[in-house]
There are 2 protein chains.
Amino acid sequence: MNLRERKKRRTRDALLRAALELFATRGYEETTVDDIAAAVDVSQRTFFRYFAGKEETAFFVPRLAETLVVEALRTRPPGEVPLEALRRAVLESWDAINEAVEELVPIELHLRVYRVIESTPALLAAHLRRSAELEEQLACIIAEREGLDVNADPRPRIVVALFGGVIRVTERLWSAGDDISIDGMRELTTTYLDQVGPALAGNWHAEPSP
Amino acid sequence: MNLRERKKRRTRDALLRAALELFATRGYEETTVDDIAAAVDVSQRTFFRYFAGKEETAFFVPRLAETLVVEALRTRPPGEVPLEALRRAVLESWDAINEAVEELVPIELHLRVYRVIESTPALLAAHLRRSAELEEQLACIIAEREGLDVNADPRPRIVVALFGGVIRVTERLWSAGDDISIDGMRELTTTYLDQVGPALAGNWHAEPSP
DNA sequence: GAGGCTAATGACAGCCACTGACAATTGACA
DNA sequence: TGTCAATTGTCAGTGGCTGTCATTAGCCTC
């Protein structure tokens, strides 16, 4: 790796960390791009040469995680039923995610930024759009696994929509609680996914949720 | 109603229609607030006194529709199972929606704007966030119907997430196709909702989708 | 290791969404 | 009709973001 390349990487990482730190402490709307650039001592123009917008810094880490989940689903054995493949892909990619993220920023900082994302309307909107795009990708992979046409058969998108909905609920609970651990997250997710069947059954009063 | 009030309403409606017309023809990003204000011959500042932002004009009609759906769900008989109540609330409020919208802008214009929403990243993001908020409301109503605590029992949010996912898929199909009719939309929705059970069953190869 | 090449940066000007402040106008009501 | 309050226009300013151009800094060759 060049001196030039190394320098670029260092600048990008510095900008990223400065941005996330500022978002987490001061809030997203309250930090200007000038603040971020000033914290790294580069011009505002340079910031925009590394990131397409202020938003992109906030979603740099989540993007990493998504990439890994998609990869995990791609390598799931074909024997698994769709919902099961999705569940395992997510549960089993968390270790890799944790590792990759920690190389960039402390997980704890990422948690704090995630809370900011959930509580900032503009960021929440962007987050949901990104999730929708991810779901589209997953639906395509599922369809391929089952030898179906995503646009002709509604079922791939439906399972993924359901799955995505459950994941989003657990993500929110994770960020709201104070258990950062992977195991805690894993447990939460399995619990919720196990509720899907009963939730659709209908007669909720007969068998109250545990 | 006052002369003053009538005048205000007229200005607001004019701004709304001008904005939607411009969005539909020229595109969202390509029309500036100045354009909209100029089309109605008021100052830019006045536009911002009627709408909190450019976005708000694009979602004025959808907001109307959401209000009616929430109301419809609230008045569903308690005997219905959650998913059924949701389905009927949506299907049976479309007539009211159609009527209310047409009083404001032509449905056909709304369709064109909806396509713009789906294809403009910033608007799509906002749309998804609004949908999430709506789902939260619906989950609360469902929980109340069933005498549950939304935060303690995951099932209300899960059914609503599933339902919302299906609705979003049908909305996209509706806007992509060329059948604007209510009946077409109704049929599409029922078809997709009927797929939910089979989609979760798992063995998709045994019983291919109709 | 001097010089040329190219990539990275900074400085500047400008667009657009949006806001605050103040003055001018216009409907309401006695 | 005159007074009061609501509505509007004007102006100035902030923040995100982009294009342009000159300057700097690493790279590569002779």
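The sequence lines fix the lettering, A, B, ..., with proteins before strands; numbering per chain opens at 1.
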How close or far is atom [atom2] of [N] from atom [atom1] of [X], stated in whole angstroms?
X	N	atom1	atom2	answer
A:Phe51	D:dG16	CZ	P	15 Å
B:Leu3	C:dC29	CG	P	11 Å
A:Glu29	C:dA17	CD	P	17 Å
A:Gln44	D:dG15	CD	C1'	8 Å
B:Lys54	D:dG15	NZ	P	21 Å
B:Arg9	D:dT7	CZ	C1'	16 Å
A:Asp34	C:dG10	CG	P	13 Å
A:Phe47	C:dG10	CZ	C1'	16 Å

Verify the contact: side-chain N or O of [X] to OP1 or OP2 of [N], cut-off strictly under 4.0 Å; return yes or no.
X	N	result
B:Lys7	C:dG27	yes
A:Lys8	C:dA8	yes
A:Asn2	D:dC27	yes
B:Thr32	C:dC16	no

Side chain of [X] only, heavy atoms from C-beta on: which candidate in [options] is closest?
X	options	value
A:Arg45	C:dG10, D:dC17, D:dG9	C:dG10
A:Arg49	C:dG10, C:dC18, C:dA28	C:dG10
A:Thr46	C:dG10, C:dA17, D:dG16	C:dG10

Side chain to side chain, B:Glu133 and B:Glu136, heavy atoms closer than 4.5 Å: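 B:Glu133 does not reach B:Glu136 side chain to side chain.
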Remember a base hit wins even if backbone is also touched, and classify A:Tyr50 as base, sugar-phosphate or nothing at under 4.0 Å, heavy atoms.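 Counting heavy atoms under 4.0 Å across all strands, the contact made by A:Tyr50 is with sugar-phosphate only.
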Counting any heavy atom closer than 4.0 Å, what does B:Ser43 reach on the DNA or RNA strands: base, sugar-phosphate only, or nothing?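 Touches a base.
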Could you walk me through whether B:Arg87 and B:Asp194 satisfy the side chain to side chain contact (heavy atoms under 4.5 Å, CB included) test, starting with their C-alpha distance in whole Å, then the side-chain angles of each, then the deciding distance to 0.1 Å, before giving a yes or no? CA-CA 10 Å; B:Arg87 174 205 207 107; B:Asp194 288 339; 2.7 Å; yes
Result of checking B:Glu84, B:Glu71, B:Glu92 against B:Arg76 for salt bridge (Lys or Arg N to Asp or Glu O under 4.0 Å):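 Only one option passes, and that is B:Glu92.
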Between B:Val33 and A:Val42, which has a closest nucleotide on DNA chain C that is more 5'?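 Result of the comparison: A:Val42.
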Which comes earlier along DNA chain C counting from the 5' end, the contact point of A:Glu5 or that of B:Glu55, where each point is its nearest nucleotide?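 Checking each residue's closest nucleotide, the 5'-ward one belongs to A:Glu5.
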Between A:Glu5 and A:Arg9 (salt bridge meaning N to carboxylate O under 4.0 Å), is one present in this structure?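 Looking at A:Glu5 and A:Arg9, the cut-off is not met.
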Quick one: the side chain of A:Arg6 and the base of D:dG26, do they pair up donor-acceptor inside 3.5 Å?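 Result: no qualifying N/O pair found.
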Nearest heavy-atom pair of B:Ser131 and B:Arg168: which atoms, and what distance?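 Shortest heavy-atom contact: CB-NE, 4.1 Å.
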